[in-house]
Amino acid sequence: MKIIETDVAIIGAGGAGLRAAISVAESDPQLKVALISKVYPMRSHTVAAEGGAAGVIKDEDSFENHFHDTVAGGDWLSDQDAVELFIHEAPRELTLMEHWGCPWSRKPDGRVAVRPFGGMKIERTWYAADKTGFHLLHTLFQTSLKFPSIKRYDEYFSTDIVVVDGKCCGFTAIEMRSGEVTYFKAKSVIIATGGAGRVFPFTTNGAIKTGDGMAMAYRAGVALKDMEFVQYHPTGLPGTGILITEGSRGEGGLLVNKDGYRYLQDYNLGPPDPWPRKKAMELGPRDRLSQAFWHEQQKGRTIKTADGDVVHLDLRHLGEAKIDERLPMVRELAKSYVGVDPVYDPIPVRPVIHYTMGGIDTNIDAATNIPGLYAAGECSCVSINGANRLGSNSLTELLVFGARAGSGAAEFAKARQGAINESAAKQEAEKTEKRLAALFAKEKATESIPGLRKEMNDTMESGAGIYRTEDSLQATCTKMSEIRKRSANIGLQDKSKVFNTDMAEALELDAMIDVACAMANSALQRKESRGSHQRLDFEARDDKKYLKHSLAHYSPDGNPKVDYRDVTITSSQPAERVYGGAQE
Amino acid sequence: MSRDTVQLEILRYDPEKDSEPYFSTYEVPFNDDWVVLDAINYVKENLDRTLTYRWSCHMAVCGSCGMVINGEPVLSCHTFMRDYGDKIRIEPLQNFPVERDLVVVIDDFVEKLGSVKPYIVPKVEKTVDEGEYIQSPAQLAVFKQYTACINCLLCYSACPQVGLNPGFVGPAALALAHRYNLDSRDVGRAAREDVVASNPGIWECSFVGACSEVCPKSVDPAAAIQQTKIASTVDYFTDFLTPWRKQ
């Protein structure tokens, strides 16, 4: 087994991983940073974020506004100390990105422009046209090339965290090119592997979003927190699930049903002003909009297509010039993938799995309960997003907490006493080699990887979708536990060592099954409705019992033990979430 | 048009067992809405687990799935089956070593990208507390097009110079250098010039324009290279005529 020694190792080279790497490099150029990813950095899914990143910048806005929008948007499940830290750091991080070259869209006076997003009182979403994630990712990647202490290991598939005597001692990864297992011996490790949307069949998430890092931490003994909260984005293209940014509605786009009626006014989001007012109608939060779609569908007021029911997102009144300036990618995507030019026709859209609010349980410093192990970005749950993330908070989150994880991991690496017990660590790492060898050696596979993946996708959609019940969730939990068992019978048809994607898909499926089990079981046990977790059998929020984070603890049989921890409340007591005209 | 199936001829090569590449043919269902990547995924899921390729976003922004389809370098997630006949031939990008099947080795490109110093060298160092640099929409418009590159490498596959001259930095990396040179916040042009102007390839780029033709994001690297040449020539003559300026 190859051993690579470093001070800080980072798994994942998307927005959070790159930001963390730069943070370590800036805090101490003597520290060796290893940045490991299963893809090249610019392929990471941060690249697909469109609409923007939130940070207070306007004079008439305030930190209090951003705090309250975030906490209320999260249905009071966010930890308020973490939100306070986040909103204060947000404009600083976004300014730093500007200094590093991010091509933010500008106002005529040359200052950074902002647009409104859903659930937002004053506009505070910084944007680079509708390719904000793309530009942030490339800015971070290109800036990272400045630092000689950052050494990249592109296309290494990470598999297991190595823990010795309760401390993180690195992790194992497979070099895709050679198939060789490598032990990254590190004083501290940051997981920044993104979300797990691929657990579901219809998602905006790229193929790589399989929850690998979440599962690694989970198996190593870190709880997965608030996994029942999965965000449906209200506007994805039918068929492909391609994201149509909330920025479209921030610029004035309207949602109408089959009768051309702005149906959101029927769901406590009105009145339907000609220009959407903030925190109302099309600028309501994502959970409410996706739920409203579900109700419209029940009423038979959606539009039938071969790829499922849709409503229409109408941008025509914005005009060609504005669409081309602010939403060029939306126009291009709609033209290419559904044959609709939004300048002339409304875009068909439907809710689509977009974001995992839950993730690896960390504290406000991005640290997990395993000393030396950190997590940041979508794979983590700090938590600032609570039960429903506000659009444009996640790009900012990966910067703020990526940087924080980086400085925390750097400090930990410097202060760490005593050498890593290499023989004990190597013994741990060898378990990966054995597991892999067994996978390659298996002759009689009775389960197929795509087959099992589809069964997982289907049961998650049918049982743990926008609306859930005891029966639907119980069926999904039972099915997932069955899938967990059957997954022991998958094997590889591809036995090559070179860039073996059959193997990668097997490992990804393994991770997704763990994540799906955590999601379904956490959802089954939360007998209330809050944010994105809506139970038809428990329609109200229940603060007495469930103003708490769920913590799913790994169990090899796919039936995790779930317990709870109180939410941190500082200044905002839980209240009713009010949107539309009623808020004023 | 009522086609039931389409044949995919895909180049295969596994260095562990093949002495040279060969083609495998797969019959896949025809679907009017499918991009070629969907058809390849169909093969992977249903017909052949050993087929090897890269992909992720399926929306033409991550840059993973560049391939040569019927002789043209394209993104397979942005190229529709309906635009081809009954046979589609799929090969890896040209001008790169093949790692396996449709996966090519891009180490050399990544190295070159870093060599052009693709980051801001600030005119004036500012702290975060001092806020953002002022940049007018017109100043942004000067370089914005060159920020759109997704590193998909179609231009490297299409460029005759990349094939002839392995030292050539290549279209995407030169366009990126140009992007930073044009940015009103940046003064790094002189530092980049070492790599850019002295590069063996740039002066040999014959302005065939193949790079710009295949670019899925309309970056127009050919224009970037021509503008770079002009700027470097002006520098050369300015230095020649006014040698004191260099100090």
Side-chain angles (χ1 to χ4, degrees), chain A residues 39-40 42-45 47-48 92-93 95-96 98-101 103-112 128-129 131 134-135 138-139 142-143 145-146 152 154 177 206-209 239-243 306-307 329 332-333 336-337 448-450 492-494 496-502 505, chain B residues 14-17 33 35 41 44-46 48-64 78 80 99-101 103 105-107 110 113-114 117-120 122 125-126 128-137 139-140 143-144 147-151 176 180 183 185-186:
Chain A
V39 293
Y40 283 87
M42 57 280 197
R43 316 304 186 209
S44 308
H45 201 65
V47 80
R92 301 182 62 82
E93 281 294 324
T95 302
L96 197 54
E98 195 280 332
H99 290 186
W100 291 352
W104 296 117
S105 293
R106 304 281 176 157
K107 296 189 293 185
D109 67 359
R111 299 205 59 199
V112 168
K131 301 176 188 174
F134 164 79
H135 285 302
H138 281 251
T139 299
Q142 289 158 15
T143 302
L145 299 170
K146 228 171 29 177
R152 281 205 332 277
D154 300 325
R177 186 172 296 174
I208 58 175
K209 296 286 296 289
T240 56
I242 288 170
L243 172 69
D307 291 310
M329 185 151 88
E332 205 283 317
L333 290 170
S336 293
Y337 293 100
S448 91
I449 295 166
L492 302 183
Q493 288 171 32
D494 186 349
S496 174
K497 294 280 181 212
V498 182
F499 214 96
N500 189 324
T501 48
D502 195 22
E505 286 187 22
Chain B
D14 179 352
E16 277 198 339
K17 56 183 178 51
D33 292 334
V35 291
N41 281 339
K44 178 83 172 172
E45 288 189 8
N46 299 284
D48 189 345
R49 296 292 301 159
T50 68
L51 183 63
T52 303
Y53 53 101
R54 296 183 177 112
W55 74 286
S56 178
C57 75
H58 199 288
M59 55 186 282
V61 70
C62 81
S64 306
H78 200 240
F80 286 83
E99 191 160 317
R100 183 177 173 189
D101 294 352
V103 172
V105 179
I106 65 168
D107 298 3
V110 175
L113 197 71
K117 302 188 171 70
Y119 36 79
I120 294 278
E125 286 276 5
K126 248 183 158 180
V128 166
D129 291 322
E130 292 171 279
E132 80 263 46
Y133 292 94
I134 300 299
Q135 182 169 66
S136 71
Q139 287 173 315
L140 172 64
F143 70 93
K144 191 159 173 226
T147 65
C149 172
I150 62 172
N151 299 168
L176 189 62
Y180 281 98
D183 192 317
R185 296 166 290 189
D186 179 88

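Lettering follows sequence order; numbering is per chain, from 1.
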Subject >> Toward chain B, the part of Glu505(A) with a non-hydrogen atom under 4.5 Å >> reply: side chain
**OP:** For the pair Lys17(B) and Ser496(A), evaluate side chain to side chain contact (heavy atoms under 4.5 Å, CB included) and give the outcome as yes or no after the intermediate values.
**Re:** CA-CA 9 Å; Lys17(B) 56 183 178 51; Ser496(A) 174; over 6 Å; no
Subject >> Engaged part of Asp14(B) at the chain A interface, taking heavy atoms whose separation is under 4.5 Å >> reply: side chain
**OP:** With a 4.5 angstrom heavy-atom cut-off, could you sort out which part of Pro108(A) is near chain B: side chain, backbone, both or neither?
**Re:** backbone
**OP:** Answer with side chain, backbone, both or neither: which region of Leu176(B) has an atom nearer than 4.5 Å to a non-hydrogen atom of chain A?
**Re:** side chain
**OP:** For chain A, find which of Pro137(B), Pro122(B), Cys57(B) contributes the most heavy-atom pairs closer than 4.5 angstrom.
**Re:** Pro137(B)
Subject >> Side chain / backbone / both / neither for Pro15(B) at chain A, heavy atoms under 4.5 Å >> reply: side chain
Subject >> Under 4.5 Å from any heavy atom of chain B - which part of Thr95(A) >> reply: side chain
**OP:** Could you tell me which portion of Ile208(A) (side chain, backbone, both or neither) has an atom closer than 4.5 angstrom to a non-hydrogen atom of chain B?
**Re:** both
Original post:
Is it the side chain or the backbone of His99(A) that comes within 4.5 Å of chain B heavy atoms, both, or neither?
Top reply: both
Original post:
From Leu51(B) CG over to Thr501(A) OG1, what is the distance, rounded to the nearest 0.5 angstrom?
Top reply: 7.5 Å
Original post:
Side chain of Glu99(B), backbone of Phe499(A): donor and acceptor closer than 3.5 Å?
Top reply: no
**OP:** Side chain from CB out, backbone as N, CA, C, O: work out which of these in Lys144(B) comes under 4.5 Å of a heavy atom of chain A, or both, or neither.
**Re:** side chain
Original post:
Under a 4.5 Å heavy-atom cut-off, does chain A meet the side chain of Tyr180(B), its backbone, both or neither?
Top reply: side chain
**OP:** Go through Val39(A) and Arg54(B) one step at a time and tell me if the side chain to side chain contact (heavy atoms under 4.5 Å, CB included) criterion holds.
**Re:** CA-CA 9 Å; Val39(A) 293; Arg54(B) 296 183 177 112; over 6 Å; no
**OP:** Find the one option among Ser136(B), Pro118(B), Gly131(B) whose heavy-atom pairs under 4.5 Å with chain A are most numerous.
**Re:** Pro118(B)
Original post:
Non-hydrogen atoms of chain A under 4.5 Å away: do they reach the side chain of Val61(B), the backbone, both or neither?
Top reply: both
Subject >> Heavy-atom donor-acceptor pair, Arg185(B) side chain to Gly101(A) backbone, under 3.5 Å >> reply: yes
Subject >> Top contributor to chain A contacts, counting heavy-atom pairs under 4.5 Å, from Asn46(B), Asn41(B), Asp107(B) >> reply: Asp107(B)
Original post:
Can you check whether Ala148(B)'s main-chain N or O pairs, donor with acceptor, with His135(A)'s side chain at less than 3.5 Å?
Top reply: no
**OP:** Let me see the working for His58(B) and Thr240(A) under side-chain hydrogen bond (donor to acceptor under 3.5 Å, both in side chains), right down to the final yes or no.
**Re:** CA-CA 8 Å; His58(B) 199 288; Thr240(A) 56; 5.5 Å; no
**OP:** Identify the heavy atoms of Asp109(A) and Ile134(B) that sit nearest to each other, and give their distance.
**Re:** O-CG2, 3.5 Å
**OP:** Considering only heavy atoms and a distance below 4.5 Å, find which of Lys44(B), Glu16(B), Glu45(B) pairs most often with chain A.
**Re:** Glu16(B)
Subject >> Top contributor to chain B interface from Arg177(A), Gln493(A), Glu332(A), Lys497(A) [non-hydrogen pairs under 4.5 Å] >> reply: Arg177(A)
Original post:
What part of Ser105(A) gets closer than 4.5 Å to chain B, counting heavy atoms only: side chain, backbone, both or neither?
Top reply: backbone
Subject >> Max heavy-atom pair count under 4.5 Å with chain B, selected residue of Arg152(A), Lys146(A), Lys131(A) >> reply: Lys146(A)
**OP:** Measure Ile449(A) against the heavy atoms of chain B and call it side chain, backbone, both or neither at under 4.5 Å.
**Re:** side chain
Subject >> Heavy-atom pair count under 4.5 Å with chain A, highest-scoring of Asp183(B), Asp101(B), Asp129(B), Asp186(B) >> reply: Asp129(B)
